[in-house]
Amino acid sequence: MHSAFLQDNTKLLVGNRPRAERCLEQWLDNLQRSEGEPWHTAAQTLVESADSRLLLEVIFGNSPHLSACALADPGFTALLFEKGPPALDASNVRLVDEVEQAENQVAVMRALRQAKRRMALAVGVIDITAAQPLELITAALSDFAELALDIALTFLLRQAAQRGELEFQEGEDPLSSVGYFLLGMGKLGAKELNYSSDIDLIAIYDPHRAPLTGKRDHQDLFVRLTRDVARIMDERTADGYVFRTDFRLRPDPAAMPLALTYLAAETYYESLGQNWERAAMIKARTVAGDRKLGAEFLRSLRPFVWRRNLDFWAIQDIHSIKRQIHAAKGGKEIAVEGHNIKLGRGGIREIEFFVQTQQLIYGGRDPTLRTSQTLEGLQLLAANRRIEPKTAEDMTQAYRELRCIEHRLQMIEDQQTHSIPTQPEALAEVAAFLGFDEVAAFRRHLIAILETVERYYAALFEESADLAERGNLVFTGGEPDPDTMTTLTDMGFSDGERVYNLVKGWHHGRYRALRATRARQILTEIMPTLLQELADTPDPDESILRFDAFMQGLPAGVQLFSMIHANPSLLDLLAEVMGSAPLLAEHLSRRPGLLDAVLSGDFFDAVPDTEALRTELSGNLEQARDFEDVLELSRQWANDRKFQVGVQLLRQACGNEEAARALSDIAEVTIGALHHAVARQISTQHGTASQAGMAVVALGKLGAREMTPTSDLDLVFLYDADSNHPSDGAKPLAASQYYARLGQRLITAVSAMTGEGRLYEIDMRLRPSGNKGPLALTLDGFRRYQTSEAWTWEHMALTRARVVSADAELGERISQTIREILTAPRDNDRLLADVASMRERMAKEHTAKTPWSIKHWRGGIVDLEFLTQYLLLRHCAERPDILTGNTPEALRKLAEAGFLDPTDAENLCEAGGLLLTLQSLLRLTLKGELDEETAPQGLKDVLARAGGALDFDALRDKLKAANDLVLSSYMSFIGDPAKALAPETQT
């Protein structure tokens with residue numbers, strides 16, 4: 001028997017001879033057990049004929065998958081060898097008959113899988129023997145997929161009708177009457193399926209045409225129907241599977257249901273469709289269901305797919321589809337082993353993009369270019385003089401060769417692979433399967449093809465620079481591009497797939513700012529640079545999440561992205577903020593317009609003094625219509641100014657002392673404005689309780705003008721009036737109640753969360769008697785408490801007290817009272833013992849694990865503050881002029897007064913400056929403490945630069961030296977002398 005497949009010019013080689021012999025033995029064993037079967041004689045003849053036996057050996061020696069198909073159905077194998085390609089038509093007829101007789105879904109699934117096995121064998125043999133050209137091979141695969149989908153859908157629709165969910169007229173075809181169809185995308189739509197391809201589908205229904213009768217709503221019914229079609233097709237059973245199905249090419253798959261309404265799909269493409277989706281729709285074809293409705297839908301999309309006139313940005317975006325794929329223009333050698341012939345350099349996708357991008361640009365004005373098939377597209381481009389005939393000829397030949405290699409790779413184990421094996425034995429078998437006696441010959445052949453494609457592809461849009469210089473950055477299609485995943489990993493992102501899904505969501509217009517086509521087009525253009533900038537931040541993964549939050553909050557995108565496109569330095573700043581400063585990123589997400597301010601010439605100038613700030617805020621508050629506006633405008637102004645200082649600190653455009661004073665001034669001015677607004681509000685109901693009103697006294701960081709970006713506010717409220725004296729309003733309150741209410745409203749005004757965020761956290765525990773004491777205290781009561789009941793640590797805190805909002809005369813009396821309290825004579829031994837005891841207690845309560853706990857680590861900020869405050873309290877009775885809450889200022893005054901060696905004072909100031917700089921930067925950039933083991937290198941570099949060190953190791957050494965200096969001074973003045981005190985003094 002001479003096989004119907006074998007041609008005189010067919011070169012067949014057996015890649016794995018031992019495997020071929022084992023399979024032949026199994027074939028013969030099966031024959032011995034099947035005597036009497038109608039196909040026995042024909043199957044026996046296959047091994048007796050030299051031609052047929054050779055073909056069997058080629059199948060058995062090259063493809064375990066085809067071997068399994070042949071051995072499982074020797075009758076069909078014999079028929080196939082005898083009849084050739086017509087045997088596949090007979091198999092499809094047999095499938096339809098079997099499904100007609102199927103009683104349940106299990107039987108339908110079994111019939112489909114057995115038919116798929118026959119189809120796989122038939123198409124495999126056709127391909128191996130080159131009995132038909134590529135177009136007929138891919139069409140056969142595609143036609144079978146279409147037939148299988150129609151069969152599965154018909155069965156499910158009839159089941160739904162039996163359950164009473166749908167109603168069809170007698171004799172009516174369910175497929176054409178249901179108002180539901182499946183679009184075949186990609187290779188299925190173009191009838192270009194590869195041997196082991198997924199099928200890309202989009203499910204669409206028109207609820208107005210669906211004969212719905214059951215209790216389910218339309219979406220529930222059609223989503224379940226779609227899911228059941230997928231299950232019939234791709235669920236693996238003992239008989240295998242039919243086709244893997246993929247619905248991720250539907251509009252915004254992360255947000256849209258599995259089946260879309262006709263209107264939703266049409267609206268999406270008209271308003272949010274991207275250029276890559278236009279390219280995908282070139283290949284779209286109705287492959288199952290209501291074909292008339294499907295054709296109507298595709299006609300409605302013609303204006304979307306084929307635009308007669310393209311603006312500059314649309315063309316740029318089409319260019320970027322190609323340019324985001326890194327096209328290497330020669331140079332680097334292509335390695336055959338492991339090369340992905342679909343997605344890699346010179347691969348199948350480059351040929352497809354070569355055709356589709358030019359179709360998108362020219363097909364709107366030239367309908368003759370509108371074809372879904374790649375090879376026909378090449379011929380049409382040549383015929384219309386868009387490319388040279390030689391180009392079309394070379395690319396056509398390359399496409400055929402690459403598809404042939406692709407099919408053989410997939411036939412081996414029925415795997416959806418496109419990569420050349422890396423193992424020598426496997427590579428040799430693939431070469432043999434393709435008819436090459438030697439691997440070297442195959443390698444030369446493949447490299448020549450890939451280089452041909454690469455040369456033509458790299459020349460496409462060659463006037464435009466590649467967007468992706470380090471590798472692919474492609475965010476189109478249904479599945480992540482493997483090279484893009486590699487690029488993202490190489491950039492520094494730990495979860496490339498998450499990044500891919502985030503970016504793909506942006507391209508789908510999921511956020512308000514990206515719903516405009518122009519916004520998405522500009523974003524596409526800047527995307528590779530944006531990703532690189534985010535990747536270069538200390539924590540790339542956190543950076544892109546913050547940028548995603550930023551995108552969610554944007555009201556519009558065109559203006560912002562255009563500004564970034566025109567000013568690339570903004571992208572650098574934006575990435576730095578997102579990657580290094582959570583607080584700034586959060587505020588920028590609420591106020592993206594601040595990027596405009598960054599471009600102004602004075603953004604990096606020093607923040608004005610308090611009087612200028614008061615004038616500025618007062619002008620802003622003139623716009624307020626009510627108290628709620630005051631709260632919002634105050635937050636907006638203060639947070640914008642804090643953002644400015646934060647960026648300056650991040651960019652090291654200002655020193656830490658300058659930043660601390662600016663942050664303190666911003667807080668003081670804001671508190672003053674809100675204090676005035678709250679007082680005015682409460683007076684409308686209750687009048688006034690005293691002419692001088694209430695004073696706000698700041699302690700802690702604000703009192704010392706040493707605020708960091710995350711400092712809270714330590715406040716005390718004081719008034720000078722009889723606590724029982726009633727206010728003079730319509731609803732009078734006793735002064736104690738009046739000022740407690742005023743204080744509480746001020747706390748709420750400052751700390752409440754609004755749409756513009758929170759201004760500051762407020763801590764009132766430093767008031768007399770702490771949380772147990774009244775919220776607002778009379779000045780006399782404050783004086784009595786501080787002189788007779790206060791602990792030493794409360795006087796230490798009082799060294800930093802400063803009136804930040806008050807009537808001028810009341811403020812001066814409070815300041816004088818505080819000076820009198822602090823300069824009163826005191827027992828120095830008791831002071832020493834109390835300070836030492838308090839520090840030891842604090843050390844036990846706040847155990848610092850690393851020196852990067854800047855505040856509590858021994859030799860850190862607490863030790864420096866304790867030392868300074870101790871020296872102030874010890875000597876201010878003698879020299880009241882040394883009193884100041886600011887640490888470096890106090891150290892210098894102590895030195896000038898002779899209580900501290902000037903060199904020691906300057907060294908302590910320098911050490912304190914380093915500590916405060918690192919504390920400010922760490923609080924700006926981290927939510928927790930720094931862990932050297934996990935901290936990104938980028939953050940370490942930022943800290944080193946801010947600390948004036950060459951690198952992070954040098955910074956660590958510099959920090960240790962500062963800690964040692966501070967601790968040594970602390971021990972010299974406090975620790976060691978306290979140990980020498982008499983035991984009774986230490987109690």
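Note that the structure is predicted; figures quoted are calculated from it, not measured.
- In this structure the side chain of L381 reaches within 4.5 angstrom of the side chain of L369, judged on heavy atoms.
- With sequence neighbours left out, the salt bridge (charged side-chain N to carboxylate O under 4.0 Å, His left out) criterion links R403 to E406.
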Steps toward side-chain hydrogen bond (donor to acceptor under 3.5 Å, both in side chains) verdict (E48, Q44): CA-CA 7 Å; E48 294 173 351; Q44 177 70 41; 3.3 Å; yes
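- With hydrogens and angles ignored, the 3.5 Å screen pairs no side-chain donor or acceptor of T374 with any backbone N or O of V355.
- From L46, atom CG reaches atom CD of E82 across 9.0 Å, with rounding to the nearest 0.5 Å.
- Under the 3.5 Å distance criterion, with hydrogens and angles disregarded, no donor-acceptor pair is assigned to the side chains of Q397 and E393.
- The existence of a salt bridge linking K342 and E350 is excluded, since no basic side-chain nitrogen approaches an acidic carboxylate oxygen closer than 4.0 Å.
- The structure places CG of D495 at 8.5 Å from CG of N501, a figure rounded to the nearest 0.5 Å.
- Taking every heavy atom of both residues into account, V47 and R53 meet most closely at O-NH1, 3.2 Å.
- The two residues A140 and L88 make their nearest non-hydrogen contact at CB-CD2, 4.0 Å.
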Hey, can you pull the donor-acceptor pairs under 3.5 Å for the side chains in residues 440-450, sequence neighbours left out?
{"unit_1": "R443", "atom_1": "NH2", "unit_2": "E337", "atom_2": "OE2", "d": "2.4"}
{"unit_1": "H445", "atom_1": "NE2", "unit_2": "E401", "atom_2": "OE1", "d": "3.2"}

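- The side-chain hydrogen bond (donor to acceptor under 3.5 Å, both in side chains) analysis of residues 132-147, with sequence neighbours excluded, yields the pairs E135-R400, D143-K191, E146-R285, E146-R291.
- With sequence neighbours excluded, the residues satisfying side-chain hydrogen bond (donor to acceptor under 3.5 Å, both in side chains) with T396 are Q379.
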Worked check of salt bridge (charged side-chain N to carboxylate O under 4.0 Å, His left out) between R113 and D239: CA-CA 6 Å; R113 280 152 179 75; D239 295 297; over 6 Å; no
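- Side chains of Q416 and S196: a donor-acceptor N/O pair is absent below 3.5 angstrom, by distance only.
- Formation of a donor-acceptor pair under 3.5 Å by the Q26 side chain with backbone atoms of L71 is not found in this model.
- With a 4.5 Å cut-off on side-chain heavy atoms, L55 and F81 count as touching.
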Stepwise side chain to side chain contact (heavy atoms under 4.5 Å, CB included) test for N340 and R345: CA-CA 8 Å; N340 188 310; R345 291 167 55 194; over 6 Å; no
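- Closest heavy-atom contact between A426 and P421: CB-CB, 3.6 Å.
- Under the rule for a side-chain hydrogen bond (donor to acceptor under 3.5 Å, both in side chains), the partners of D437 that lie at least two apart in sequence or sit in another chain are K11.
- One N or O on the side chain of T77 and one on the backbone of A70 form a donor-acceptor pair closer than 3.5 Å.
- Within the 3.5 Å criterion, the main-chain N or O of V125 finds a donor-acceptor partner in the side chain of T129.
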Verdict with reasoning, L531 to V499, per side chain to side chain contact (heavy atoms under 4.5 Å, CB included): CA-CA 9 Å; L531 288 174; V499 175; 4.2 Å; yes
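- The nearest pair of heavy atoms linking A120 to Y195 is O-OH, 2.7 Å.
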Could you give the side-chain donor-acceptor pairs of residues 13-22 under 3.5 Å, partners two or more places apart or in another chain?
{"unit_1": "N16", "atom_1": "OD1", "unit_2": "R19", "atom_2": "N", "d": "3.0"}
{"unit_1": "N16", "atom_1": "ND2", "unit_2": "E429", "atom_2": "OE2", "d": "3.0"}
{"unit_1": "R17", "atom_1": "NH1", "unit_2": "E57", "atom_2": "OE1", "d": "3.4"}
{"unit_1": "R19", "atom_1": "NH2", "unit_2": "G61", "atom_2": "O", "d": "3.1"}

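- E235 pairs by the salt bridge (charged side-chain N to carboxylate O under 4.0 Å, His left out) definition with R231, not counting sequence neighbours.
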Stepwise side chain to side chain contact (heavy atoms under 4.5 Å, CB included) test for L201 and D246: CA-CA 6 Å; L201 302 170; D246 191 336; over 6 Å; no
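- For the pair K116 and Y241, the cation-pi criterion (under 6.0 Å, within 45° of the ring axis) is fulfilled.
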Step-by-step side-chain hydrogen bond (donor to acceptor under 3.5 Å, both in side chains) determination, S197 to R244: CA-CA 7 Å; S197 181; R244 293 174 294 268; over 6 Å; no
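- Using a distance-only test at 3.5 Å, with no hydrogens or angles considered, no donor-acceptor pair links the side chain of K283 to the main chain of M185.
- Heavy atoms only, all atoms of each residue included: C69 and L121 are closest at CB-CB, 4.1 Å.
- Interatomic distance, CG of L360 versus CE of M281, reported as 12.5 Å (0.5 Å rounding).
- In this structure R370 satisfies the salt bridge (charged side-chain N to carboxylate O under 4.0 Å, His left out) test with no other residue, sequence neighbours excluded.
- Residues meeting the salt bridge (charged side-chain N to carboxylate O under 4.0 Å, His left out) test with D127, sequence neighbours left out: R408.
- Residues passing the side chain to side chain contact (heavy atoms under 4.5 Å, CB included) test with A145 are L188, L193, I199, F243, sequence neighbours excluded.
- Contact check for I128 versus F433: side-chain heavy atoms found under the 4.5 Å cut-off.
- Here the shortest heavy-atom pairing between D150 and V287 reads OD1-O, 4.1 Å.
- A 4.5 Å side-chain heavy-atom check between T368 and N384 finds at least one atom pair inside the cut-off.
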CA sep, side-chain torsions, deciding dist, call: M119, L141, side chain to side chain contact (heavy atoms under 4.5 Å, CB included): CA-CA 8 Å; M119 187 274 299; L141 290 163; 3.4 Å; yes
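- Listed by chain and number, the residues in a side-chain hydrogen bond (donor to acceptor under 3.5 Å, both in side chains) with D234 are T245 (sequence neighbours excluded).
- Of the possible polar contacts, one joining the S67 side chain to the S63 backbone as a donor-acceptor pair under 3.5 Å is found.
- In this structure, E376 CD and T371 OG1 are separated by 3.5 Å, a value rounded to the nearest 0.5 Å.
- Between F60 and W27, the two ring planes are tilted [angle within 30° to 60°].
- Applying the ring-ring contact (aromatic ring centres under 6.0 Å, His included) test to residues at least two apart or on different chains, none of the pairs has a partner in residues 394-426.
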